[in-house]
Engineer: 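One structure, pasted below without further comment.
Proteins come first, then strands; the chains are lettered A, B, ... in the order of their sequence lines, and each starts at number 1.
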Amino acid sequence: MQPASHDKSQKELKLTLPDGKELTFATPVTGLDVASSIGPGLAKAALAVKLNGEIIDLNRALPASGALEIVTRKSADALEIIRHDTAHVMAEAVQELFPGTQVTIGPSIENGFYYDFARDEPFSTEDLGAIEKKMKEIVARNEPFTREVWKRDEAIRHFEGIGEKYKAEIIRDLPESEEISIYRQGKWYDLCRGPHLPSTGHVGTAFKLMKVAGAYWRGDSNNAQLQRIYGTAWRDQKELDAHLHMLEEAEKRDHRKLGREMDLFHMQEESVGSVFWHDKGYTIWRALEDFIRRRIRAAGYQEVKTPQLFDSSLFKASGHWDIYGDNMFKVEVKADERTLGVKPMNCPAHVQVFNQGLKSYRDLPIRMAEFGCCHRNEPSGAMHGIMRVRQFTQDDAHIFCRDDQVEKESLDYFKLQLGVYKDLGFENISVKLALRPGANERLGSDEVWDRAEGDLRNALTAAGLEFEELPGEGAFYGPKVEFHLTDAIGRTWQCGTLQLDFNLPERLDASYIGEDSQRHRPVMLHRAILGSMERFIGILIEHHAGKLPLWLAPVQCVIATITSDADDYAQEVLEKLKAAGVRAVADVRNEKINYKIREHSLQKIPEIWVVGKREAEEAKVAIRHLAAEGEKQGAQEVLALDAAIRKISDESAPPQ
RNA sequence: GCCGUUGUAGCUCAGUGGUAGAGCAUUCGCUUCGUAAGCGAGUGGUCGGAGGUUCGAAUCCUCUCAACGGCACCA
């Protein structure tokens, strides 16, 4: 064991606190010493320190001068340390309860932590309760976390000796420059980079083990499968409760539950991964599709419709057969001795449309759109409600253009895209640029990739969009720009993409005649705004918790009678609403108004028009609006019938 | 595809070897009522599927399908 490393030649350290105050200390000095010198209260509250942006254990000698911040439970950085420590406490608990279990890694993640274990016997949900109990004991023991530095080969030998082969493997793969640090808590210890809290008592009890799941060692499906236990951990019980409450809210807005309750769609075993859209769900679909159709027409797109089935030769030429063939649906046609493929995307078909007739440079750009229905044989475990399915419809388009048009076309697309999201109520968008995948997983030369990535970077910069680069994440034929939107409860979804492709036009021999009367290759921009209709409708349902904006609501208005005296009047109101293009129904059942209100509110009908004897006599309607999320009761108003019709007709108009 | 869990009435769920249940929904009566569940009666299930053990299986075993939670994948 050695003391933590620090620069011994330096006799004193100059530390600048967040308030600008400078302090000088003789070495060695720990974060705790600094906190104590400021005040005993702070020393007690201190969990760690942040020196020049790096978090360091409270009891470790500070390695250098610089900006120092005392991390307390209130600090933004505290949660990450607490979560990581909770993972360690869990690992100790698991090894105490289940001897022979090997530990691997246990990082902090969003909202909590996990730890991956190697054990032959699976953990059950009942085990979680026992582990949690043991964790609380360990927290109560208040074991101090202490850091040690070990020699590499000794550490490897040690961990192999005690049967922790995963830990030994991790150490073996650490870069030579890396210190091998071990953290001890009581009798238990683990290889870990740190930092940690002063002791297990600081972890607190605001944690909960959530679920057990399989996870591959190092994230690779060729490796052994480990058992992962997920937990959530917070500063205090209040935060934990708030998080658990948020999970309940998320469950309430689950599109699978709402889709059934609102009679939007269903799925069944005979058509796994495909959606049966019911009248109400398909009404949402059409409203959304019409909206996109208006936008792309205004943006100069043409719309086409191409086949589902193609001879395999087309997909062999495009490269899809080799790279994605396993995930395609293939149809053997015995009589013809041919193999057909059900299209998994629309691009090869669009190139066929482009290739009809001779194109001049004057024709470009050609923006070819299709609400294209595609099939992909997704792995069984990948399916999720209507969000990840085997049959889906993309709001797809391919822009065929000249090299010099790429930037403008990209910019125009960004504008179209962001405008659509804004009108759909999504303002918080993040942008990513996915770069070339590995050498064996991509088509085309490095020069072509350099050019494609450069073009997209330029377009993003010209659009003034901030973006993050994701190496290795691009499509096999080109880099892509991804648009991620954030929903009402803070989750992000990747929806629109723009992919720049110099490869497919080459492979499928697309060309145009240039000014020089020579043949040239067009560039292809693959783009989608919503992504898939199915998935996007799922996102909309969850974002709005089923309470869709008026223009998307499948039934916009229910006329509910109080007694049968108002039946005739209700019929008249219904006719007028229909004539005004409003999706309305009349509820003249022999039920009390309370019953009707409850039922239609649960169905998330935006407006209930209550009509009784009074309204019938005065040609009025009593309108009850659906309560917004978090609102107890919606607004109510009484309007003259004609005024009410004008109002709902205006308000239900889709964005133009 | 991998690990784990689950599958009983339209929905939510109870039922651990001995005659398939509840609430809601649906149907039929009664009730005509002013802003989130009126009252009563009735209908409804070869217990996901196939095979096996047993005198007897929703319940135990094997295989299989699907859904769910993760992992991996996502052109």
Engineer: Mind checking the C1' distance from B:C11 to B:U53? Whole angstroms is fine.
Structural biologist: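 So the two C1' atoms sit 35 Å from each other.
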Engineer: Begin with the C-alpha distance, continue with both residues' side-chain angles, and end with the deciding distance and a verdict on side-chain contact (heavy atoms from CB on, under 4.5 Å) for A:R535 and A:V389.
Structural biologist: CA-CA 8 Å; A:R535 183 156 178 275; A:V389 285; over 6 Å; no
Engineer: Run the salt-bridge test on A:D446 and A:R442 with the 4.0 Å N-O cut-off and return the result as yes or no.
Structural biologist: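 A salt bridge links A:D446 with A:R442.
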Engineer: Which nucleotide wins on minimum distance to the side chain of A:Y595, given the candidates B:A72, B:G34, B:U26?
Structural biologist: B:U26
Engineer: Using the side-chain heavy atoms of A:S601, tell me which of these nucleotides is nearest: B:C74, B:A66, B:A36.
Structural biologist: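 From the listed options, B:A36 comes nearest.
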Engineer: Could you work out which one of B:G70, B:C68, B:G1 sits closest to the side chain of A:K211?
Structural biologist: B:G70
Engineer: Could you please name the option among B:G34, B:A66, B:C71 that lies closest to any side-chain atom of A:I593?
Structural biologist: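 Out of B:G34, B:A66, B:C71, the nucleotide with an atom closest to A:I593's side chain is B:G34.
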Engineer: Say you draw a straight line from CD1 of A:I323 to CG of A:N440; how long is it, rounded to the nearest 0.5 Å?
Structural biologist: 10.5 Å
Engineer: Hey, which of these two, A:A213 or A:Q636, hits RNA chain B nearer its 5' end, going by closest nucleotide?
Structural biologist: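 The 5'-side residue here is A:Q636.
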Engineer: Just checking A:L602: base, sugar-phosphate only, or nothing, at a heavy-atom cut-off of under 4.0 Å?
Structural biologist: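 The residue A:L602 makes base contact.
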Engineer: Any base atoms under 4.0 Å from A:R624, or only sugar-phosphate, or nothing? Heavy atoms, all strands.
Structural biologist: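 Base: the residue A:R624, judged by heavy atoms under 4.0 Å, touches a nucleobase.
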Engineer: Could you give the distance separating B:G52 and B:A57 at their C1' atoms, to the nearest angstrom?
Structural biologist: 11 Å
Engineer: Looking only at side-chain atoms of A:R260, point me to the closest of B:C71, B:A72, B:C11.
Structural biologist: B:C11
Engineer: Could you tell me how far B:C71 sits from B:C60 if I compare only their C1' atoms? Round to whole Å.
Structural biologist: 32 Å
Engineer: Which value, in whole Å, describes the distance between the C1' atoms of nucleotides B:A36 and B:C28?
Structural biologist: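 Their C1' atoms lie roughly 26 Å apart.
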Engineer: Does A:E615 make a side-chain donor-acceptor contact with the base of B:G34, cut-off 3.5 Å?
Structural biologist: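 Yes.
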Engineer: When you measure from the side chain of A:N594, which nucleotide among B:A37, B:A66, B:A75 comes out closest?
Structural biologist: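 The answer is B:A37, which lies nearest to the side chain.
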Engineer: Has A:R228 got its NZ or CZ under 6.0 Å from the middle of the six-membered ring of A:Y115, at an angle within 45 degrees of the ring axis?
Structural biologist: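 No.
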Engineer: What's the closest nucleotide to the A:K592 side chain, out of B:G34, B:C74, B:C33?
Structural biologist: B:C33
